[in-house]
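First comes the structure, then the notes that go with it.
Here is how names work: the chains are called A, B, and so on, in the same order as the sequence lines, proteins then strands, and each is numbered from 1. Worth saying up front: this structure is predicted, and the values here are computed from it rather than measured.
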Protein chains: 2
Amino acid sequence: MARSPKSAGKGRKLSNFLCFAIYSANLAFGRAYKPLLDKVGLTYTQYIALVALSDEDEQTVGTLGEKLFLESNTLTPILKKLEQMALIKRHRDPADERQVRLSLTPAGRKLIEQDLGGSLREATGLGDDFAVVQKTVSRLRDNLLRATKADD
Amino acid sequence: MARSPKSAGKGRKLSNFLCFAIYSANLAFGRAYKPLLDKVGLTYTQYIALVALSDEDEQTVGTLGEKLFLESNTLTPILKKLEQMALIKRHRDPADERQVRLSLTPAGRKLIEQDLGGSLREATGLGDDFAVVQKTVSRLRDNLLRATKADD
DNA sequence: GGATTATAAATCGTATCCGATCTAATCGGA
DNA sequence: TCCGATTAGATCGGATACGATTTATAATCC
């Protein structure tokens, strides 16, 4: 990844790597959410998946994967776990037996409506920049994915 | 779509979650680096660890972990792999046998000096905002970790 | 000095990610 | 209509993350 133009001496400074800032910020978010999610028995990824599922009922694994930038190899085990916890329902679509439809159970919806991470907005220390950063990082992600897909 | 979503309700939009922007941007960086790192047989985390190790010779697992925000449970297997690839050396510190000292081999240093991710700066599409985003996200990370540690 | 405590790394079990592959179901062209 | 190609999920193996525990060494206290 790109670094600042200056690399005197021995190594490249980690602090100049945007990828490392993102990588470590992701770890930090996971740790910030941990105590909140432990209370309800969810992992970070399970929580994100549940939020995405709250967007719409009867999504397929594929469409959910497009939202989360993940595929069935990662999602299937997570979704089975969420079903096992009675937070979602999974069933094959009768109109196309290849697809699996996903919906929150009342328990799952109730859990999501608690706004579990609400207290974290302040912890980011971003103040009014919160929305700007969110948009900028999303744009960064989209640009990277587009560029990556482009030279396949 | 044949079926109409019965709930429509209150889902929280994933697009409003800063944590998801960071989470997915991290996935995107990993995928952008993948083809570059495959050429040299490194994984994303191994590469980040190697960059951190290029900063200084004779670091311990603990000090490396402070830079990477990781601990020995995660680092030890990665460092053993890097040693096995002859990119670093590991040895117990004679002055304190509890500690393991880490240094790049010439091959490891040579690999890092290639600036493998250089081509990705452009792919971020951030232009002159690159450095600003890098600093803002680092600050976000530090704030989150501080807040998380604070109410332990 | 010997026992207790603290520290550094390693180990172990669980849960992601991800490439590769597999299976089942659907589609499509001759 | 038939059969190969495509598609959607699921499965599998390797590599992180991470809490909890273990081992080995060092520091501290009485």
- Item | A:T60 vs D:dG9: side-chain N/O to OP1/OP2 distance below 4.0 Å | yes
Side-chain donor-acceptor distances from residues 68-79 of chain B under 3.5 Å, at least two apart:
| unit_1 | atom_1 | unit_2 | atom_2 | d |
| --- | --- | --- | --- | --- |
| B:T76 | OG1 | B:S72 | O | 2.9 |

- When B:S72 and A:P77 are each assigned the nearest nucleotide of DNA chain C, the 5'-most assignment goes to B:S72
- Item | Atom-to-atom span, CG of B:L64 to P of D:dA17 - whole angstrom | 13 Å
- Item | Length of the line joining A:I48:CD1 and C:dC17:P, which is rounded to integer Å | 8 Å
- Taking OP1 and OP2 of C:dA15, is either one under 4.0 Å from a side-chain nitrogen or oxygen of A:K81? yes
- Item | Atom-pair distance (CZ on A:F29; P on D:dC18), nearest Å | 14 Å
- Take the protein atom CD of B:Q59 and the nucleotide atom P of C:dA9, then report the distance between them rounded to whole Å. 11 Å
- Between the side-chain atoms of A:N73 and the base atoms of D:dG9, is any donor-acceptor pair under 3.5 Å? no
- Query: For D:dA17, does OP1 or OP2 lie under 4.0 Å from any side-chain N or O of A:Y23?
  - Reply: yes
- Message: Any side-chain N or O of A:R92 below 4.0 angstrom from OP1/OP2 of C:dT26?
- Response: no
- Of D:dT16, D:dA17, D:dT25, the nucleotide closest to the side chain of B:D96 is D:dT25
Return a table of donor-acceptor pairs under 3.5 angstrom between the side chains of residues 94-101 of chain B and protein atoms on other chains or two or more places apart.
| unit_1 | atom_1 | unit_2 | atom_2 | d |
| --- | --- | --- | --- | --- |
| B:D96 | OD1 | B:R98 | N | 3.0 |
| B:D96 | OD1 | B:R98 | NE | 3.1 |
| B:D96 | OD2 | B:R98 | NH2 | 3.0 |
| B:Q99 | OE1 | B:R101 | NH2 | 3.3 |
| B:R101 | NE | B:D93 | OD2 | 2.9 |
| B:R101 | NH1 | B:E58 | O | 2.9 |
| B:R101 | NH2 | B:D93 | OD2 | 2.9 |

- Query: Between A:R31 and B:T148, does any side-chain donor sit less than 3.5 Å from a side-chain acceptor?
  - Reply: no
- Note on the structure: Of the listed C:dA9, C:dA6, C:dC17, the closest approach to the B:R98 side chain comes from C:dA6
- Query: Under 4.0 angstrom, heavy atoms only, what part of the nucleic acid is A:L75 near: base, sugar-phosphate, or nothing?
  - Reply: nothing
- Task: Taking only Lys NZ, Arg NE, NH1 and NH2, and the carboxylate oxygens of Asp or Glu, determine whether A:K34 and A:D38 approach each other closer than 4.0 Å.
- Result: yes
- Please give, in whole Å, the distance from D:dA20 P to A:D38 CG? 9 Å
- Message: What contact category does A:E71 fall into here, base, sugar-phosphate, or nothing, at under 4.0 angstrom with non-hydrogen atoms?
- Response: nothing
- Atom CD of B:Q84 to atom P of D:dG14: distance rounded to whole Å? 13 Å
- Item | Spacing of A:R101 atom CZ relative to D:dA8 atom P, expressed in whole Å | 11 Å
- Item | Side-chain N,O (B:R90) to OP1/OP2 (C:dA10) below 4.0 Å | yes
- Phosphate-side-chain proximity, A:T76 and D:dT11, N/O vs OP1/OP2 below 4.0 Å: no
- Contacts of A:T74 and A:Q99 projected onto DNA chain D by closest heavy atom; the upstream (5') one is A:Q99
- Message: Could you tell me how far apart B:R31 (CZ) and D:dT16 (C1') are, to the nearest whole angstrom?
- Response: 15 Å
- Task: Taking only the side-chain heavy atoms of A:L70 (C-beta and beyond), determine which of C:dC17, C:dA9, D:dT16 contains the nearest atom.
- Result: C:dC17
- Query: Hey, does B:L27 reach any base, or is it just sugar-phosphate, or nothing, if we go heavy atoms under 4.0 Å?
  - Reply: sugar-phosphate
- Message: For a quick test of reading the model: is some side-chain N or O of B:K80 closer than 4.0 Å to OP1 or OP2 of D:dA15?
- Response: no
- Do the charged groups of B:D57 and B:R109 touch, with an N to O distance under 4.0 Å? yes
- Message: For C:dA15 and A:Q46 - does any side-chain N or O of the residue sit under 4.0 Å from the phosphate oxygens OP1/OP2?
- Response: no
- Do any side-chain nitrogens or oxygens of B:T45 fall under 4.0 Å of OP1 or OP2 in D:dA17? yes
- Task: Could you tell me which non-hydrogen atom of B:V51 sits nearest to which non-hydrogen atom of A:F17, and how far apart they are?
- Result: CG1-CE1, 3.9 Å
